[in-house]
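Predicted, not measured: the structure shown is a model, and the values here were computed from it.
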Protein chains: 2
Amino acid sequence: MDEIDIKEAGLKVTQPRVQILKIFETSTQKHFSAEEIFQLLRDDDSRVGLATIYRVLTQFETAGLVIRHNFEGGQAVFELDSGEHHDHIVDMKNGKIIEFHDEIIEQRQIEIAKEHGYQLIDHSLILYAEPIDK
Amino acid sequence: MDEIDIKEAGLKVTQPRVQILKIFETSTQKHFSAEEIFQLLRDDDSRVGLATIYRVLTQFETAGLVIRHNFEGGQAVFELDSGEHHDHIVDMKNGKIIEFHDEIIEQRQIEIAKEHGYQLIDHSLILYAEPIDK
DNA sequence: CTCAGTGCAAACTATTTGCAGATTT
DNA sequence: AAATCTGCAAATAGTTTGCACTGAG
């Protein structure tokens with residue numbers, strides 16, 4: 001249940017926070033920009049301000065509920081943190097986002113960092129691709 | 001010689017363009033934000049406006065002279081396009097940027113895209129890491 | 001001399017912040 | 001009631017654009 005997550009994050013269970021979390025949980029789409037959430041709530045005639053959405057998303061990010069991605073195109077995109085790490089393919093034709101996980105790449109990244117005297121803390125891998133037309 | 005590149009890009013050989021290119025070519029550092037270039041030129045008391053720097057960098061990018069990266073932290077970062085593709089390790093402690101190239105990862109990316117019915121157009125791989133202290 | 005290029009200020013986009021009033025606990 | 005939270009408007013940060021003037025070819 002949403003409310004538990006919010007409470008565990010040390011946040012009050014407010015209207016906007018519940019609604020935003022619900023969007024992530026009930027939609028087939030997994031990735032949303034702040035603006036998109038703003039529109040969805042507006043369509044559902046909730047009167048949540050854009051600033052609040054940014055604030056809540058940032059709090060959720062800090063609490064580990066949500067992950068922020070910086071794909072091309074200015075707007076940050078958020079998704080629920082499922083706990084299972086994955087990277088993304090961005091479909092440049094339709095804007096769709098596909099998730100994948102590849103152990104070979106994951107391991108190489110760690111090795112590469114080590115080869116250069118570093119400990120890998122985090123990484124960002126985004127594949128920009130177009131559908132193969134038949 | 002710089003001027004040739006500028007001409008081949010179909011651009012006039014102007015003061016600001018030459019100076020900006022020179023920064024990339026003569027510095028040990030390889031990656032610069034627009035703001036950094038602005039400061040460097042100012043220190044060298046050139047009166048080049050920040051807007052011009054952005055315009056020139058964008059033109060250079062279009063001409064394939066320069067590559068734009070969007071690392072964490074808002075500001076875009078530019079480097080000379082050496083022709084040899086590489087990815088980056090960002091040293092989170094010192095802000096240093098290290099380049100690397102790994103064929104295994106390159107190949108896996110292509111395969112992964114294909115497995116999902118896509119043709120890889122471009123990619124962005126950034127490792128965020130900290131130096132291993134001994 | 002002509003047209004591309006430049007500086008400056010104003011415009012824009014994405015995001016953040018201050019504050020007075022509204023909500024949660 | 002106390003403290004957190006929210007909406008709104010104003011502030012920021014990074015980058016882009018309009019325009020009259022400057023400079024390269």
Side-chain angles (χ1 to χ4, degrees), chain A residues 1-23 31-42 44-63 65-78 95, chain B residues 1-23 31-42 44-63 65-78 95:
Chain A
M1 196 168 275
D2 317 345
E3 321 217 339
I4 294 176
D5 299 324
I6 297 176
K7 267 178 192 145
E8 279 179 353
L11 301 169
K12 285 189 180 175
V13 180
T14 62
Q15 192 75 356
R17 302 215 253 243
V18 173
Q19 289 180 157
I20 291 172
L21 211 42
K22 196 161 293 167
I23 285 182
H31 303 77
F32 299 89
S33 65
E35 196 77 35
E36 283 176 319
I37 293 175
F38 180 66
Q39 292 305 335
L40 288 173
L41 290 181
R42 166 144 307 185
D44 219 18
D45 64 8
S46 293
R47 220 131 273 306
V48 181
L50 186 54
T52 299
I53 294 171
Y54 274 109
R55 261 183 304 228
V56 169
L57 287 173
T58 302
Q59 291 160 342
F60 282 1
E61 187 191 14
T62 304
L65 281 176
V66 140
I67 300 174
R68 179 193 306 249
H69 297 289
N70 294 302
F71 300 155
E72 300 274 307
Q75 263 158 292
V77 164
F78 301 81
Chain B
M1 195 169 275
D2 318 345
E3 320 218 339
I4 294 175
D5 299 323
I6 297 176
K7 267 178 193 143
E8 279 180 353
L11 301 168
K12 286 189 180 175
V13 179
T14 62
Q15 191 76 358
R17 302 216 253 242
V18 173
Q19 290 180 155
I20 291 172
L21 211 42
K22 196 162 292 166
I23 286 182
H31 303 78
F32 299 89
S33 66
E35 197 76 36
E36 283 175 319
I37 293 175
F38 180 66
Q39 292 304 334
L40 287 172
L41 291 181
R42 167 142 308 185
D44 220 16
D45 66 6
S46 294
R47 222 131 271 307
V48 181
L50 186 53
T52 299
I53 294 172
Y54 274 109
R55 261 184 302 229
V56 169
L57 286 172
T58 302
Q59 292 159 344
F60 283 0
E61 187 190 14
T62 304
L65 280 176
V66 139
I67 300 175
R68 179 194 304 249
H69 297 290
N70 293 301
F71 300 156
E72 299 274 310
Q75 262 158 291
V77 164
F78 300 81

I need the minimum non-hydrogen distance between [X] and [Y], along with the two atoms involved.
X: A:L57; Y: A:V66; result: O-CG1, 4.3 Å
X: A:F38; Y: A:L50; result: CE1-N, 3.6 Å
X: B:K12; Y: B:I6; result: O-CG2, 3.6 Å
X: A:A76; Y: A:N70; result: CB-OD1, 3.8 Å

- Query: Applying the side chain to side chain contact (heavy atoms under 4.5 Å, CB included) test to B:L41, which of B:E36, B:R47, B:Q19 qualifies?
  - Reply: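 Of all the options given, the one that passes is B:Q19.
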- Which residues share a side-chain hydrogen bond (donor to acceptor under 3.5 Å, both in side chains) with B:R42, sequence neighbours left out: none
- Close side-chain approach of A:F78 to A:I37, heavy-atom, < 4.5 Å: no
- Item | Residue pair A:F60 / A:L21, side-chain heavy-atom distance below 4.5 Å | yes
- Query: How do A:N70 and B:Q59 order along DNA chain C: which one's closest nucleotide is nearer the 5' end?
  - Reply: B:Q59
When the distance from [atom1] of [X] to [atom2] of [N] is rounded to whole Å, what number comes out?
X: A:E72; N: D:dT15; atom1: CD; atom2: P; value: 13 Å
X: B:I37; N: D:dG14; atom1: CD1; atom2: P; value: 15 Å
X: B:E36; N: D:dA13; atom1: CD; atom2: C1'; value: 16 Å
X: A:D45; N: D:dG7; atom1: CG; atom2: P; value: 14 Å
X: A:L57; N: D:dC5; atom1: CG; atom2: C1'; value: 15 Å

- Reading nucleotides 16-25 of chain D from the 5' end, what letters show protein touch, with B for base, S for backbone sugar-phosphate only, - for no heavy atom under 4.0 Å? BBB----BBS
- How far does the helix from C:dC1-D:dG25 to C:dT25-D:dA1 bend, going by the axes of its first and last five pairs, to the nearest 10°? 30°
- Item | Side chain B:R68, main chain B:T58, donor-acceptor under 3.5 Å | no
- Give me the first and last nucleotide of DNA chain C, going 5' to 3', that has any atom under 4.0 Å from a heavy atom of chain A. C:dA14 to C:dT25
- side-chain contact (heavy atoms from CB on, under 4.5 Å) against B:K22, all qualifying residues, sequence neighbours excluded: B:D2, B:V18, B:T26
- Item | Residues in side-chain contact (heavy atoms from CB on, under 4.5 Å) contact with B:T52, at least two apart in sequence or another chain |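 Listed in chain order: B:P16, B:V48, B:R55, B:V56.
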- Message: So B:A34, base contact, sugar-phosphate only, or nothing? Heavy-atom distance under 4.0 Å.
- Response: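 Answer is nothing: B:A34 stays at 4.0 Å or more from every strand.
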